[in-house]
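Data first, discussion second: the structure below is written as structure tokens.
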Number of protein chains: 2
Amino acid sequence: MRLSDSGEFGLIGRIRQICGQPGERVIAGIGDDGALLSTKPGYASILTTDSMVEGVHFDLRYVPLRSLGWKLLAVSLSDVASMGGTPVGCVVSIAIPETWSMENIEALYEGISRCGRDYGCPVVGGDIVKSPGLCYVSCAVLGEVPLGAEIRRSGANEGDLLCVTGQFGGARVGFEALESGSKDSDEFYESINRFLEPTPRLQEIQSILHVFRPTSLIDVSDGLASEIRHICEESNLGCLIHEDKIPIHPEAVKWAGMTGKAPICYAMESGEEYELLFTVDSHEFVSQNMRDLPKRAGAVAVIGLMRKKEDGIQIQSGESRFPMKYQGWDHFRRCPHD
Amino acid sequence: MRLSDSGEFGLIGRIRQICGQPGERVIAGIGDDGALLSTKPGYASILTTDSMVEGVHFDLRYVPLRSLGWKLLAVSLSDVASMGGTPVGCVVSIAIPETWSMENIEALYEGISRCGRDYGCPVVGGDIVKSPGLCYVSCAVLGEVPLGAEIRRSGANEGDLLCVTGQFGGARVGFEALESGSKDSDEFYESINRFLEPTPRLQEIQSILHVFRPTSLIDVSDGLASEIRHICEESNLGCLIHEDKIPIHPEAVKWAGMTGKAPICYAMESGEEYELLFTVDSHEFVSQNMRDLPKRAGAVAVIGLMRKKEDGIQIQSGESRFPMKYQGWDHFRRCPHD
């Protein structure tokens, strides 16, 4: 079977089968944002990894190596955030073309190290090998979470509110602006920065946890639409999304005006946003004063309601209601909208 | 500066500088086999990662994907063994050519998973991305060790005995036999197996720890000569190696007879052996009955004596004594003997 026929998620299911039962110390294994391992009384360890490949995830013609380093660590830290955890340390594996200079590698590590300092995740080791071709970078982060406080993708209940942090679409706009060599890059500065150096929402989730406890949580790496599907599948539910409640980044609205696409497409399909998507019990949510959310949690918006699985995933747009067709970014399948 | 001018170890020093002080939870950071992190009362977490690149570390024309999977995990497990620890779980990152079939990936994961089952290290997550070129695989292992029982590279003292598990040279012979497409592969079966599916010495170090406690420990990934240098550098010592005490794999002697190289070159420079090199206090060693070592610890051989730094690293060969010139395998510098 060709990979492009099965898709990334069919593949993950097969790998889960091959790897079998992981044993009693594994609280959550293959399939969540990170793994949860029972290692410390009262705490679970989080182990997560992400890798990026030149020509697939980044183009060194317009991605500075410092930003690549930042992003490499930030995307794994986002996985730690999406389980309600905090980071402990990370290891970095890089395969670099032999033609690279010492300055190239220094710039890469300066970016990783700067991100690590900002979020309390020191680089504690790693591996450097040569690559006969392109550059590959990979990072694994160890994090921890008080046992019982970990949040999974699968905990949503019917009637829960579906919420997000931040605004969507910017990361995709940043990518398109950089790739097109747009002369208006000053106008799209925030988007470009979101794409190059995303913010892992580690502080935001801790602030949210002070006010209420999400029932399920995921970070938006493959696109909002794709992550909504994940939460629904893992929690065995459907949902109704209110399209007009989805916070769209103002630069995405502006950029969409130039490309002729609908701004909502950017918001729903833009990958690499690294905002948080979560569900919360509606009674708990309403009984809390949202002003209790510290400012650094950023704006939290309610975008929909969790429903029965049979109701499917639907979009309410004005007076009409239809099944959600937006796709996320799948490494092995072309997005139908591209 | 070009990478090939600084070498891998100059580079690691520079990265250590860039990454700065890692904070109080980091007991051992960049520069040891794995990182030690204070996470659990009475225990330290070990975090380690290794990656392998097609065309550099493996050639899919003669390395079966099941063996590649096994080796990927085994080399990180060897790092856990070399700190005196036991594994908890691992995450795997792979970048695969789009032309790969599902069966290819299944074979790779079957190998990883088989190694994980044999050594109590379940695959708990990971990341799969496409590669526009070659195959790149990376694995990060979380392990643990009782606090105070961890063994570092830097603990050797003057007068300590220098010891190894197992026999050396086979992994290199296996590599050369496979690469040359030797028709005598049956004769070099053990060597080929050592190269394709190395044994992480997790059980051996636990058996050794029941009898005595090494003062320093490292696994032989870059070659025996190179690891001897590491122990000396990190412990700020020199040593005297008795060449005739170094256990050479019988297949390496046979193969050397065909290639015209000295068997000792294979033993000293062969990388990817994944045996253990360690030092032990001579009084402690002599006072123990070596027959107490359970059989599964394999043969332990004393190969030398730790001395003052000023004495350098010397080889005693018959009546003559000379500075050790054997090199290890450095990704960025050609071995002068190749």
Side-chain angles (χ1 to χ4, degrees), chain A residues 1-4 6 8 11-12 14-15 18-20 22-23 25-26 29-30 32 34-35 37 39-41 45 47-51 53 55-57 88-89 91 93 95 98 100-102 105-106 109-110 113 122-134 136 138 140 142 144 331-332, chain B residues 1-4 6 8 11 14-15 18-20 22-23 25-26 29-30 32 34-35 37 39-41 45 47-51 53 55-57 88-89 91 93 95 98 100-103 105-106 109-110 113 122-134 136 138 140 142 144 331-332:
Chain A
M1 187 196 278
R2 284 283 289 266
L3 274 180
S4 43
S6 73
E8 187 175 354
L11 183 59
I12 291 171
R14 185 70 191 98
I15 290 170
I18 291 169
C19 294
R25 293 188 67 173
V26 180
I30 297 167
D32 218 308
L37 297 152
T39 52
K40 176 181 177 179
S45 288
L47 189 60
T48 180
T49 186
D50 276 288
S51 46
V53 183
V56 178
H57 302 88
V88 176
V91 288
S93 268
E98 268 185 294
W100 271 33
S101 68
M102 187 66 131
I105 305 195
E106 287 177 2
Y109 274 86
E110 278 162 16
S113 174
V123 180
V124 296
D127 188 39
I128 304 173
V129 297
K130 74 175 178 194
S131 163
L134 303 168
Y136 300 83
S138 179
L142 175 65
E144 62 181 13
H331 291 286
F332 299 106
Chain B
M1 187 197 276
R2 284 281 290 264
L3 275 179
S4 42
S6 73
E8 186 175 353
L11 182 60
R14 186 68 192 99
I15 290 171
I18 291 170
C19 294
R25 294 189 65 172
V26 180
I30 297 167
D32 219 307
L37 297 152
T39 50
K40 176 180 177 178
S45 288
L47 188 60
T48 181
T49 185
D50 275 288
S51 47
V53 183
V56 178
H57 301 88
V88 177
V91 287
S93 267
E98 269 185 295
W100 270 33
S101 68
M102 187 68 129
E103 288 71 23
I105 306 195
E106 287 177 0
Y109 274 85
E110 276 161 18
S113 174
V123 179
V124 296
D127 187 40
I128 303 171
V129 296
K130 73 175 178 195
S131 163
L134 302 168
Y136 162 91
S138 180
L142 175 66
E144 62 181 11
H331 291 284
F332 299 105

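Throughout, protein chains are lettered first and strands after them, A, B, ... in sequence-line order, and every chain is numbered starting at 1.
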For A:I18, all residues meeting side chain to side chain contact (heavy atoms under 4.5 Å, CB included), sequence neighbours excluded: A:R14, B:E106, B:Y109, B:E110, B:S113

message: Checking side-chain polar atoms at under 3.5 Å, does B:S51 have a donor or acceptor matched by the opposite partner on A:D127?
response: yes

message: Could you tell me if A:Y136 and B:S138 have a donor-acceptor pair between their side chains, going purely by distance under 3.5 Å?
response: no

message: In the structure I gave you, are the side-chain heavy atoms of B:V53 and A:P132 within less than 4.5 Å of one another anywhere?
response: yes

message: Can you confirm whether B:S45 sits close enough to A:L142 that some side-chain heavy atom of one is under 4.5 Å from a side-chain heavy atom of the other?
response: yes

- prompt: Quick one: what part of B:V91 sits under 4.5 Å from any heavy atom of chain A, side chain, backbone, both or neither?
  reply: both

